[in-house]
Amino acid sequence: MKVGVVGAGVMGTGLAESLAEAGHDVLLVDTSQDTLDRVRESIEKSLKMRRLFGGKKELPKIEDLMLKIFTSTTTAILEQAEFVIENVTEDIALKEEIYADLDAVVGPKACFAVNTSAVLVERLASRTNRPDKVLGIHFMNPVPLKDTVEVIRAPATSDETMETAMRLLESMGKNGIVVNDAPGFVSNRILMLTVNEAVAVVDEGTADAQTVDRIFKECFGHKMGPLETADLIGLDTILDTLEVLHAQLGDEKFVPHSLLKAKVDAGDLGRKTGTGFHRYGGRG
């Protein structure tokens with residue numbers, strides 16, 4: 001299958017890697033040529049990490065993966081796509097603009113998957129002439145290492161679209177858990193509140209970040225604490241997601257904590273910058 005991937009950031013590059021490994025031709029689009037130029041480097045780093053933590057599975061060579069990935073700074077390449085996964089930032093106005101553009105470029109039989117943390121899928125589907133072919137697929141980071149995803153069915157999503165998406169996920173070795181459309185769905189509706197409250201606990205002096213995360217790991221058996229998870233996702237993404245949830249739900253409990261905003265303003269975004277609520281061994 002020819003699969004379009006819009007956005008070549010962390011999620012988009014991880015998707016390109018996983019799709020190419022599954023044998024699909026990947027049409028990867030980003031407005032930044034510099035970002036596209038770093039795709040090979042990012043996938044090489046991912047493969048090294050997977051060799052360390054991914055068990056005994058034999059991994060492909062970087063050269064073989066790159067032969068399946070075609071890049072462009074324009075959406076014209078997506079004219080050939082049979083399925084498109086969109087991964088741009090959590091900016092509702094930008095996403096709405098992109099879906100109108102995609103609808104005009106991509107063939108009418110192709111399905112669109114919204115890879116979003118919080119945006120209502122129905123809202124974006126309404127910007128197309130194919131709402132029955134639009135669903136949400138919330139991939140987890142890092143994409144190649146996460147075997148389960150949240151699949152969001154909007155009111156107009158057809159059975160055929162759901163079946164196509166599930167077949168694609170199966171080909172990638174991933175399981176899909178289906179939920180209904182709502183801001184934040186299940187995962188981020190709950191996780192973002194947990195992170196926001198964890199930030200409040202640190203700011204109020206109840207415990208430091210290390211202690212908060214230790215409670216969740218040692219008392220509840222979580223692999224990562226909420227602030228370690230936030231650092232992995234990216235504190236800028238956490239902030240954007242909370243703001244989207246607040247805008248869509250109108251509930252004050254989703255207002256981002258001031259300490260989270262301060263971290264983002266200072267450029268302390270988590271693992272990708274080397275510092276967030278914890279410090280890491282290097283940038284990137």
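In what follows, every heavy atom counts, from backbone to side chain, and hydrogens, waters and symmetry copies are set aside. Source: prediction; values computed, not measured.
A donor and an acceptor atom, one from each side chain of T211 and D208, are located under 3.5 Å apart. With 3.5 Å as the limit, one finds a donor-acceptor pair spanning the side chains of E90 and T116. A donor and an acceptor atom, one from each side chain of T241 and N188, are nowhere located under 3.5 Å apart.
Residue M162 is grouped with residue M172 when hydrophobic side chains (ILVMFWY) are merged at heavy-atom distances under 4.5 angstrom, including chains of intermediate members. Follow the hydrophobic side-chain contacts under 4.5 Å out from V5 and you never reach V114; the two are in separate clusters. When the side chains of ILVMFWY residues are joined at heavy-atom separations under 4.5 Å, either directly or via intervening members, L65 and L19 end up in a single hydrophobic cluster. Residues L28 and L47 are members of one and the same hydrophobic cluster, defined by side-chain heavy-atom contacts under 4.5 angstrom among Ile, Leu, Val, Met, Phe, Trp and Tyr. L232 and V199 fall into different hydrophobic clusters, where Ile, Leu, Val, Met, Phe, Trp and Tyr residues are linked whenever their side-chain heavy atoms come under 4.5 Å apart, directly or through other members.
Looking at N175 and L169, their side chains never come closer than 4.5 Å, going by heavy atoms from C-beta outward. At a threshold of 4.5 Å between non-hydrogen side-chain atoms, the residues L145 and M49 count as touching. Using a 4.5 Å heavy-atom threshold, the side chains of V195 and L260 count as separate. Side chains of N115 and I137 form no contact here, defined as non-hydrogen atoms less than 4.5 Å apart. L102 places a side-chain heavy atom less than 4.5 Å from the side chain of L78. Counting heavy atoms from C-beta outward, K61 and M66 have side chains that stay 4.5 Å or more apart. In this structure, F216 and T229 have side chains that are not in contact, with every pair of non-hydrogen atoms separated by 4.5 Å or more. The closest side-chain heavy-atom distance from V143 to E17 is not below 4.5 Å.
Looking at D240, its side chain never comes within 3.5 Å of a backbone N or O of D91 through a donor-acceptor pair. Looking only at distances, no side-chain donor or acceptor of N141 sits under 3.5 Å from a matching main-chain atom of V10. Side-chain atoms of T157 come within 3.5 Å of backbone N or O of V134 as a donor-acceptor pair. Formation of a donor-acceptor pair under 3.5 Å by the R130 side chain with backbone atoms of C111 is not found in this model. A donor-acceptor distance shorter than 3.5 angstrom exists from the side chain of E150 to the backbone of V186, with no hydrogens or angles considered. Looking at E228, its side chain does come within 3.5 Å of a backbone N or O of G225 through a donor-acceptor pair. For K146 (side chain) and F139 (main-chain N/O), no donor-acceptor pair under 3.5 Å exists by modelled atom type. Checked by atom type and distance alone, the side chain of K68 never pairs as donor or acceptor with a backbone atom of E21 at under 3.5 Å. A donor-acceptor pair under 3.5 Å links the side-chain atoms of S158 to the main chain of D132, judged by distance alone. Looking only at distances, no side-chain donor or acceptor of S72 sits under 3.5 Å from a matching main-chain atom of V29.
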*Would you sort out whether V179 and H138 count as a side chain to side chain contact (heavy atoms under 4.5 Å, CB included), showing the intermediate values?*
CA-CA 11 Å; V179 302; H138 181 203; over 6 Å; no

*Could you give me the CA-CA distance, side-chain angles and deciding distance for V6 and T75, then say whether side chain to side chain contact (heavy atoms under 4.5 Å, CB included) is met?*
CA-CA 8 Å; V6 180; T75 57; 5.6 Å; no

*Is there a side chain to side chain contact (heavy atoms under 4.5 Å, CB included) between M192 and I238 once you walk through the steps?*
CA-CA 7 Å; M192 293 301 127; I238 298 289; 3.6 Å; yes

*Could you walk me through whether E96 and L124 pass side chain to side chain contact (heavy atoms under 4.5 Å, CB included), step by step?*
CA-CA 6 Å; E96 289 177 334; L124 301 178; 3.9 Å; yes

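Using a 4.0 Å cut-off between charged side-chain N and carboxylate O, D268 and R279 make no salt bridge. A salt bridge is defined here as a Lys NZ or Arg NE, NH1 or NH2 lying under 4.0 Å from an Asp or Glu carboxylate O, and R38 with E44 fails to meet this definition.
The two residues A22 and S171 have their closest heavy-atom pair at CB-O, 3.3 Å. Smallest separation of non-hydrogen atoms from T73 and S32: CG2-C, 4.4 Å. Closest of all the heavy-atom pairs between G276 and D231 is CA-OD1, 3.4 Å. Shortest non-hydrogen contact noted between P226 and V212 is CG-CG1, 4.0 Å.
Atom CD of E170 sits in a sparse spot, with 12 or fewer heavy atoms from other residues, nucleotides or ligands closer than 6.0 Å. Within a 6.0 Å radius of CD in E79, other residues, nucleotides and ligands contribute 12 heavy atoms or fewer. Within 6.0 Å of atom NZ in K48, 12 or fewer heavy atoms from other residues, nucleotides or ligands are found, so the atom counts as exposed in its surroundings.
Classification of the F112-Y99 ring pair by plane angle, with boundaries at 30° and 60°, yields perpendicular. The aromatic rings of H222 and F220 sit tilted relative to each other, their planes meeting at an angle between 30° and 60°.
For the atom pair H246 NE2 and E252 CD, the distance stands at 4.0 Å (nearest 0.5 Å). The OG atom of S187 sits 4.5 Å away from atom CE of M140, with the distance rounded to the nearest 0.5 Å. Taken to the nearest 0.5 Å, the CD1 atom of I98 stands 13.0 Å off from the CZ atom of R127. Here the CE-CG distance, from M1 to D25, works out to 11.0 Å after rounding to the nearest 0.5 Å. I152 CD1 to I177 CD1: the interatomic distance, rounded to the nearest 0.5 Å, is 11.0 Å. Interatomic distance, K272 NZ to Y280 OH, rounded to the nearest 0.5 Å: 12.5 Å.
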